[in-house]
Undergrad: 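Starting off with a structure, shown below.
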Amino acid sequence: LYRRGFAGDTFNTAWYARRLLPEDWTVAFGSCIGTDAVSAEMSDFMVSQGVDTAALRRVADRSVGLYMISLLDGERSFSYWRAQSAARLLADDPAWLADILKDRDTIYFSGITLAILEPKDRATFLDALRKARAAGKTIAFDPNLRPRLWPDTKAMTTGIMEGAAVSDIALPSFEDEATWFRDANPEATAARYIDAGASMVVVKNGADAVHFRDATGSGEVEVPAITQVIDTTAAGDSFNAAILAGLKDNTPLPQSIAAACKLSGAVVQARGALVETDI
Ligand code: AMP
């Protein structure tokens with residue numbers, strides 16, 4: 001018996017953002033799905049969760065990416081079937097892509113979004129974001145470094161910094177950044193994303209203090225201690241949703257970070273990606 005769920009980096013953030021934002025804000029998920037039953041069930045699930053599906057495109061002969069999680073002594077490992085997922089076609093139709101981006105205030109994507117695109121489509125995607133940014137939209141990016149999804153380290157670090165170059169907000173996690181970019185400390189990570197063109201950077205660091213930099217300055221926000229971490233899935237994704245939700249009324253960044261820590265702190269104390277909390 002397998003238990004099926006629908007989740008994944010950017011969708012998790014959309015799911016949490018939907019909960020954090022007032023009713024009259026729209027949270028849409030832009031991607032491609034198949035024309036099969038499972039794709040329709042995924043879309044229905046999104047609708048049931050209040051996530052707008054107008055930016056989902058149906059393509060024939062493809063389906064949603066599948067993965068299974070195995071548990072061994074509480075440690076999770078993943079098996080993937082997604083080489084041919086519909087989502088990999090996200091940027092193969094530039095006119096459709098421009099259309100789904102045109103009515104948004106904030107557009108959020110991740111390093112996984114970049115990793116699953118062919119180089120040609122990645123260039124199309126980045127170009128669409130560049131144009132959206134020039135048209136006044138806020139672009140937010142979680143580098144979400146996943147070496148297994150890239151041909152090699154150089155391709156990953158190059159691709160990630162191309163993503164950074166079209167972004168206003170960068171939401172990296174220090175441990176991964178230190179591993180792959182050799183940053184000495186969170187300040188160095190923030191500086192690298194500021195140099196790439198971001199105006200706001202929030203560097204997550206597990207249980208350690210969150211470092212931030214924006215137009216008003218830089219600083220640290222302590223992470224409240226947690227007695228027992230059950231499952232860190234979607235910690236960063238939910239954190240990002242709280243930062244994005246804070247943009248709606250220009251909440252001061254340290255205040256948004258405190259809210260993000262509170263939410264992700266609750267998320268790591270429960271199993272699964274999508275955790276119902278009253279935060
Ligand atoms: P990460 O992407 O692992 O750096 O985690 C994102 C956010 O989740 C952190 O900034 C914290 O707010 C929260 N978080 C992750 N791990 C822990 C932990 N062990 N204790 C408390 N909060 C955590």
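Whatever order the structure lists ligands and atoms in, that order sets their numbers, starting from 1. Position 1 is the first residue of the sequence; numbering continues from there.
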Undergrad: Hey, is the main chain of Asn185 close enough, under 3.5 Å, to the side chain of Asp183 for a donor-acceptor pair?
TA: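 Pair absent, no side-chain N/O of Asp183 close to backbone of Asn185.
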
Undergrad: Give the atom numbers and elements of ligand 1 that come within less than 4.0 Å of a heavy atom of Phe239.
TA: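 Under 4.0 Å from Phe239, ligand 1 has these atoms: 7 (C), 10 (O), 12 (O).
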
Undergrad: Is there a donor-acceptor pair closer than 3.5 Å between any side-chain N or O of Arg133 and the backbone N or O of Ser167?
TA: yes

Undergrad: Starting from atom 21 (C) of ligand 1, what is the nearest protein heavy atom, named by residue and atom, and what distance separates them?
TA: Ile226 CD1, 3.2 Å

Undergrad: May I ask you to decide if Phe239's main-chain N or O and Lys204's side chain share a donor-acceptor pair within less than 3.5 Å?
TA: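 No, the answer is negative, given that no donor and acceptor are paired below the 3.5 Å cut-off.
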
Undergrad: Distance to 0.1 Å, residue and atom name: give those for the protein heavy atom nearest to atom 7 (C) of ligand 1.
TA: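 Residue, atom and distance for the closest contact: Ser264 OG, 3.6 Å.
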
Undergrad: If we ignore hydrogens and angles and just use 3.5 Å, is the side chain of His211 paired with the main-chain N or O of Ala190 as donor and acceptor?
TA: no

Undergrad: Identify the closest protein heavy atom to atom 2 (O) of ligand 1: which residue and atom is it, and at what distance?
TA: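 For atom 2 (O) of ligand 1, the nearest protein heavy atom is Ser173 OG, 2.9 Å.
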
Undergrad: Do Arg82 and Tyr67 form a cation-pi contact, if we require the NZ or CZ to be under 6.0 Å from the six-membered ring centre and within 45 degrees of the ring's axis?
TA: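 No, Arg82 and Tyr67 do not form such a contact.
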
Undergrad: Do the ring centers of Tyr108 and Phe141 come within less than 6.0 Å of each other?
TA: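 No - the distance between ring centres of Tyr108 and Phe141 does not fall below the 6.0 Å cut-off.
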
Undergrad: With respect to atom 5 (O) of ligand 1, which of Gly265, Ala235, Ala258 exhibits the smallest heavy-atom separation?
TA: Ala235

Undergrad: Is a side-chain donor or acceptor of Asp168 paired with a backbone partner of Ile139 at a separation under 3.5 angstrom?
TA: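 Yes, the answer is positive, given that a donor and an acceptor are paired below the 3.5 Å cut-off.
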
Undergrad: Relative to the heavy atoms of Asn205, which atoms of ligand 1 are at a distance of less than 4.0 Å?
TA: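 In order of number, 4 (O).
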
Undergrad: Please state which protein non-hydrogen atom is closest to atom 18 (C) of ligand 1 and give its distance, to 0.1 Å?
TA: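 Of the protein heavy atoms, Ala207 CB, 3.7 Å lies nearest.
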
Undergrad: So which heavy atom in the protein is nearest atom 19 (N) of ligand 1, and how far is it from that ligand atom?
TA: Val229 CG2, 3.4 Å

Undergrad: Got an N/O contact under 3.5 Å between Gly206 and ligand 1?
TA: yes

Undergrad: With atoms numbered from 1 as shown, which atoms in ligand 1 lie under 4.0 angstrom from a non-hydrogen atom of Cys261?
TA: 12 (O)

Undergrad: Do you see a donor-acceptor pair shorter than 3.5 Å between the side chains of Lys154 and Thr158?
TA: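 Yes, Thr158 and Lys154 have a side-chain donor paired with an acceptor closer than 3.5 Å.
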
Undergrad: Specify side chain, backbone, both or neither for Val267, according to which of its non-hydrogen atoms lie closer than 4.0 Å to ligand 1.
TA: neither

Undergrad: Return the residue, atom name and 0.1 Å-rounded distance of the protein heavy atom closest to atom 22 (N) of ligand 1.
TA: Val223 CG1, 3.4 Å

